[in-house]
Engineer: 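Below is the structure I would like to discuss, written out as structure tokens.
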Amino acid sequence: MGNFIQIDKEIALRHFRPIEKFAHKGSQGHALIIGGSYGKIGSVCLSAKACLKSGAGLVTAYIPKCGYTIIQTAVPEVMVITDDYQDFITSVDHDLNLQAIGLGMGMGTQQETHQALFLFLNMNTVPLVIDADALNILSLNREWLELLPKQTVLTPHKKELERLIGAWQSEEEMIAKVQELSNAHDIIFVIKGAPTLIVYKEQVYQNTTGNQALATAGSGDVLTGIITGLLAQYHAPFDAALVGVYLHGLTANQAVEETGFNSFIASDIIKGLGKAFLSLQA
Ligand SMILES: NC(=O)C1=CN([C@@H]2O[C@H](COP(=O)(O)OP(=O)(O)OC[C@H]3O[C@@H](n4cnc5c(N)ncnc54)[C@H](OP(=O)(O)O)[C@@H]3O)[C@@H](O)[C@H]2O)[C@@H](O)CC1
Ligand SMILES: Nc1ncnc2c1ncn2[C@@H]1O[C@H](COP(=O)(O)OP(=O)(O)O)[C@@H](O)[C@H]1O
Ligand SMILES: [Mg+2]
């Protein structure tokens, strides 16, 4: 591993913005989570709940109709807008006043969803966190990177990153290719792994929290929700990514005494966020 800036408690504290005493849900920002398809609505439930439990004031989920009862039952605090189509997203229409949007989890890569993403990116100006299938669709339409707002946060795991930038022979080559895209489009990359790296132009940060308990379905969906929740609270995108990655991993460090590495699931990250936030005090 190169000599990267280590994301520890001191660094995370420097980039963290506590909630003010006289905050109200309107001042804590409104986030939109866009994703889901038949059989993968859970990824949006996880992401939306993580977004709320990261302090966002309001969270709305934009999902296909099949997920309506599921998410309203699973996460009653989250408001819902449904696509016209039953099983996957075919257009993204909303007239909400938003501070952050997280998208891609469980979205699938149907042709109609490609079109929906293209039209959405052409009209969107809200800060974005892009994950999972939205990344996979971007990989098939690389020219759409031009449409992203400045300082958009991308959160690929290694396979999603390979689809986006092509294969690499070394970590140095991977980082060089990522920095090229980061500089060209003003993009923040959260390269999820063990450990996770955050690359933004010339800067490379390495997370110091997390463990193999996180190798479980939905843990990346939860991270997208956490980063989107911090972004909705007016953190700068880089700060939201850095603090989100730090807290996400910290929940695993703090939980394994009880769960072990095997019995820690993505919902446990959400459950552990309170304790992780409490640790983030001087
Ligand atoms: N409850 C729900 O609704 C859930 C919904 N989910 C949703 O499912 C969608 C697909 O997400 P996904 O990451 O599973 O699929 P995809 O990108 O095709 O990767 C598959 C292949 O890529 C590799 N690979 C995977 N991870 C890697 C890693 N960390 N590091 C390195 N390599 C890695 C590995 O390939 P292999 O190594 O086997 O060649 C694997 O076979 C997405 O929208 C997500 O949000 C999930 O979040 C789960 C819970
Ligand atoms: N062995 C590990 N050590 C530390 N973090 C891990 C490990 N395995 C997975 N993770 C973390 O878990 C998350 C996995 O994300 P992802 O593959 O997108 O999950 P999903 O798509 O199922 O939600 C990433 O944040 C990654 O850094
Ligand atoms: Mg993922």
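The analysis underlying the following values was restricted to heavy atoms, covering all of them including side chains, and did not include hydrogens, waters or symmetry mates. Remember, it's 1-based here, ligands and their atoms both numbered in the order they're listed. Bear in mind that the values here come from a model prediction, so they are computed numbers and not experimental data.
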Engineer: Can you find an N/O atom of E160 closer than 3.5 Å to an N/O atom of ligand 2?
Structural biologist: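 Min N/O separation from ligand 2 is not below 3.5 Å for E160.
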
Engineer: Taking the six-membered ring for Trp and the full ring for Phe, Tyr or His, determine whether the centres of Y62 and F120 are under 6.0 Å apart.
Structural biologist: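 No, they do not, as the ring centres are separated by 6.0 Å or more.
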
Engineer: Give the single entry among E160, R163, K159 that approaches atom 18 (O) of ligand 1 most closely by any heavy atom.
Structural biologist: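 The nearest heavy atom belongs to R163.
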
Engineer: Assess the side chains of E202 and N183: does a donor N or O sit below 3.5 Å from an acceptor N or O?
Structural biologist: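 Yes, a side-chain donor-acceptor pair sits under 3.5 Å.
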
Engineer: For atom 5 (N) of ligand 2, grab the closest protein heavy atom and report residue, atom and distance to one decimal in Å.
Structural biologist: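 Sorting protein heavy atoms by distance from atom 5 (N) of ligand 2 puts G193 O, 3.5 Å first.
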
Engineer: Could you go through the salt bridge (Lys or Arg N to Asp or Glu O under 4.0 Å) check for D239 and R14 one step at a time?
Structural biologist: CA-CA 9 Å; D239 295 348; R14 229 183 282 160; over 6 Å; no

Engineer: Decide side chain to side chain donor-acceptor pair (under 3.5 Å) for Q110 and T113; before the verdict, give the C-alpha distance in whole Å, the side-chain angles of both, and the deciding distance to 0.1 Å.
Structural biologist: CA-CA 5 Å; Q110 298 78 0; T113 308; 3.3 Å; yes

Engineer: N/O of D131 under 3.5 Å from N/O of ligand 2, yes or no?
Structural biologist: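 The answer is no, given that D131 and ligand 2 share no N or O pair closer than 3.5 Å.
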
Engineer: Return the CG to OG1 distance between L135 and T109, rounded to the nearest 0.5 Å.
Structural biologist: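 One finds 12.5 Å between CG of L135 and OG1 of T109.
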
Engineer: Return the residue, atom name and 0.1 Å-rounded distance of the protein heavy atom closest to atom 18 (O) of ligand 2.
Structural biologist: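 Atom 18 (O) of ligand 2 sits closest to the protein heavy atom K192 NZ, 2.7 Å.
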
Engineer: Got the closest protein heavy atom to atom 22 (O) of ligand 2, with its distance?
Structural biologist: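 Looking only at protein heavy atoms, the one closest to atom 22 (O) of ligand 2 is G218 N, 2.9 Å.
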
Engineer: Out of curiosity, L145 CG to L138 CG, how far, rounded to the nearest 0.5 Å?
Structural biologist: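 Result: 5.5 Å between the selected atoms.
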
Engineer: Measure from atom 5 (C) of ligand 1 to the protein's non-hydrogen atoms and state whether any distance is below 4.0 Å.
Structural biologist: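 So far as the 4.0 Å threshold goes, atom 5 (C) of ligand 1 is in reach of a protein heavy atom.
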
Engineer: Find the distance between CG (L148) and CG (N124) and round it off to the nearest 0.5 Å.
Structural biologist: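 Nearest 0.5 Å value for the CG-CG distance: 9.0 Å.
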
Engineer: Of the side chain and backbone of S219, name the one, both, or neither that has a heavy atom under 4.0 Å from an atom of ligand 2.
Structural biologist: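 Both backbone and side chain.
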
Engineer: Between the side chain of H94 and the main-chain N/O of L96, is any donor-acceptor distance below 3.5 Å?
Structural biologist: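 It does hold such a pair.
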
Engineer: Just to confirm, does any protein heavy atom lie below 4.0 Å from atom 13 (O) of ligand 1?
Structural biologist: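 Under the 4.0 Å cut-off, atom 13 (O) of ligand 1 does have protein heavy-atom neighbours.
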
Engineer: Among all protein heavy atoms, pick out the one at the shortest distance from atom 6 (C) of ligand 2; state its residue, atom name and that distance to 0.1 Å.
Structural biologist: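 The protein heavy atom lying closest is L214 CB, 3.7 Å.
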
Engineer: Which of the listed options, V44, L214, L135, D133, holds the heavy atom that is closest to atom 43 (O) of ligand 1?
Structural biologist: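 It is D133 that holds the nearest heavy atom.
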
Engineer: Could you check atom 19 (O) of ligand 2 against the protein and tell me its nearest heavy-atom contact, residue, atom and distance included?
Structural biologist: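 It is G220 N, 3.2 Å.
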
Engineer: Looking only at protein heavy atoms, which one is nearest to atom 17 (O) of ligand 2, and how far off is it?
Structural biologist: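 In this structure, atom 17 (O) of ligand 2 has H157 CD2, 3.3 Å as its nearest protein heavy atom.
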
Engineer: Measure the spacing between CH2 of W144 and NE2 of H185 and express it to the nearest 0.5 Å.
Structural biologist: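 Answer for the CH2-NE2 pair, W144 versus H185, is 14.5 Å.
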
Engineer: Looking at OG1 of T251 and CZ of F277, how far apart are the two atoms once the value is rounded to the nearest 0.5 Å?
Structural biologist: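 It comes to 10.5 Å.
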
Engineer: With no hydrogens and no angle check, just 3.5 Å: does a side-chain donor-acceptor pair link S47 and D221?
Structural biologist: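 Their side chains do not contain a donor-acceptor pair, so the 3.5 Å distance test is not met.
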
Engineer: Atom 31 (C) of ligand 1: which protein heavy atom is closest, and how many Å away?
Structural biologist: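 Protein heavy atom at minimum distance: K158 CB, 3.8 Å.
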
Engineer: Heavy atoms of the protein only: does one fall short of 4.0 Å from atom 38 (O) of ligand 1?
Structural biologist: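 No; the ligand atom in question lacks any protein heavy-atom contact below 4.0 Å.
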
Engineer: Starting from atom 21 (O) of ligand 2, which protein heavy atom do you reach first, and at what distance in Å?
Structural biologist: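 Answer for atom 21 (O) of ligand 2: D221 OD1, 4.1 Å.
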
Engineer: Taking side chain to side chain contact (heavy atoms under 4.5 Å, CB included) as the definition, give me every residue that meets it alongside I265, ordered by chain and number, with sequence neighbours left out.
Structural biologist: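 T216, S267, D268.
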
Engineer: Nearest heavy atom to atom 7 (C) of ligand 2: which of N211, L46, L135 does it belong to?
Structural biologist: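 Among N211, L46, L135, the closest heavy atom to atom 7 (C) of ligand 2 belongs to N211.
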
Engineer: Y85 and F88: aromatic ring centres closer than 6.0 Å?
Structural biologist: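 Ring centroids of Y85 and F88 are less than 6.0 Å from each other.
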
Engineer: Around atom CD of Q281, are there more than 12 heavy atoms from other residues, nucleotides or ligands closer than 6.0 Å?
Structural biologist: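 Count over threshold, so yes.
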
Engineer: Does one side chain, of H30 or T60, offer a donor that lies under 3.5 Å from an acceptor on the other?
Structural biologist: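 The answer is yes; a qualifying pair exists.
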
Engineer: Of the listed options (K40, H157, M105), which comes nearest to atom 33 (C) of ligand 1 when hydrogens are ignored and any heavy atom counts?
Structural biologist: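 Nearest option to atom 33 (C) of ligand 1, by heavy atoms: H157.
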
Engineer: Can you sort out which atoms of ligand 2 are near A215, meaning under 4.0 Å from one of its heavy atoms?
Structural biologist: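 Those of ligand 2 that fall under 4.0 Å from A215 are 8 (N), 9 (C).
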
Engineer: Please identify which atoms of ligand 2 are closer than 4.0 Å to at least one heavy atom of A217.
Structural biologist: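 Counting atoms of ligand 2 from 1, those under 4.0 Å from A217 are 22 (O).
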
Engineer: Verify the neighbour count for atom NZ of K49: are there more than 12 heavy atoms of other residues, nucleotides or ligands below 6.0 Å?
Structural biologist: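 Check fails, neighbour count at 12 or below.
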
Engineer: With the threshold set strictly below 4.0 angstrom, can you tell me whether any protein non-hydrogen atom sits that near atom 24 (N) of ligand 1?
Structural biologist: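 Given the 4.0 Å cut-off, atom 24 (N) of ligand 1 counts as touching protein heavy atoms.
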
Engineer: Please report whether ligand 1 has a polar contact with G106, defined as an N or O pair separated by less than 3.5 Å (distance criterion only).
Structural biologist: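 Such a contact does occur with ligand 1.
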
Engineer: Look at atom 47 (O) of ligand 1 and find which of V222, D221, T109 reaches it with the closest heavy atom.
Structural biologist: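 Answer by nearest heavy atom: D221.
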
Engineer: If you round to the nearest 0.5 Å, how far is NE2 of H114 from CG of D133?
Structural biologist: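 Output value for this atom pair is 9.0 Å.
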
Engineer: What protein heavy atom lies closest to atom 2 (C) of ligand 1? Include the residue and the distance to one decimal.
Structural biologist: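 Here the nearest protein heavy atom works out to S43 N, 3.7 Å.
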
Engineer: For ligand 2, find out whether one of its N or O atoms is nearer than 3.5 Å to an N or O atom of A194.
Structural biologist: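 N/O-N/O distance under 3.5 Å: no.
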
Engineer: I'd like to know whether ligand 2 has A132 as a neighbour, heavy-atom separation below 4.0 Å.
Structural biologist: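 Contact absent.
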
Engineer: What protein heavy atom lies closest to atom 1 (N) of ligand 2? Include the residue and the distance to one decimal.
Structural biologist: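 The closest heavy atom on the protein side is Q212 CA, 3.4 Å.
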
Engineer: Does T155 approach ligand 2 within less than 4.0 angstrom via side chain, backbone, both or neither, non-hydrogen atoms only?
Structural biologist: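 Neither part.
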
Engineer: Report, in ascending order of atom number, the atoms of ligand 2 lying under 4.0 Å from any heavy atom of T196.
Structural biologist: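 Listed by number with element: 27 (O).
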
